[in-house]
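Have a look at the structure below, then the notes.
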Amino acid sequence: APPPEPVIRTVEVRVPYDDPACARAARERLGPSPAYPDTDEALRGATSVFIGVQILQAGRILRIAREAALAAALETCAR
């Protein structure tokens with residue numbers, strides 16, 4: 001018996017692509033980065049190691065929040 005005829009189908013495949021305009025708009029919506037408290041000057045002026053660590057923790061918390069907001073804004077570009 002001859003082999004069966006192949007079934008030909010058209011399949012749409014959605015592929016994400018980089019859209020620089022979307023990324024730029026996402027960054028603009030977020031606005032500028034906050035003024036991080038853990039500057040060299042602030043750390044040099046810390047009166048104790050405890051105060052220095054508090055300053056570092058405050059900067060870290062702000063950076064983590066900024067990174068999460070930036071990731072969420074850029075995630076909308078991948079859809």
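All of these numbers come straight from a predicted model, not from anything done at the bench.
- A 4.5 Å side-chain heavy-atom check between T76 and R29 finds at least one atom pair inside the cut-off.
- Here the CD atom belonging to E12 is positioned 6.5 Å from the CZ atom belonging to R14, to the nearest 0.5 angstrom.
- A65 pairs by the side-chain contact (heavy atoms from CB on, under 4.5 Å) definition with nothing, not counting sequence neighbours.
- Applying the 4.5 Å side-chain rule to ILVMFWY residues, one finds that I64 remains a lone member of its cluster.
- Here side chain to side chain donor-acceptor pair (under 3.5 Å) pairs that include residues 40-53, with residues two or more places apart or in two chains, number zero.
- In this structure, L43 is a member of the same hydrophobic cluster as I51, with clusters built from ILVMFWY side-chain heavy atoms closer than 4.5 Å.
- Counting only residues at least two apart or in different chains, salt bridge (Lys or Arg N to Asp or Glu O under 4.0 Å) contacts with residues 48-63 comprise D38-R63.
- Clustering of Ile, Leu, Val, Met, Phe, Trp and Tyr side chains at separations under 4.5 Å places V49 together with V53.
- For P37 against A42, the heavy-atom pair with the smallest separation is O-CB, 3.3 Å.
- Take R66 and apply the side-chain contact (heavy atoms from CB on, under 4.5 Å) test, not counting sequence neighbours, and it matches L30, S33, P34, Y36.
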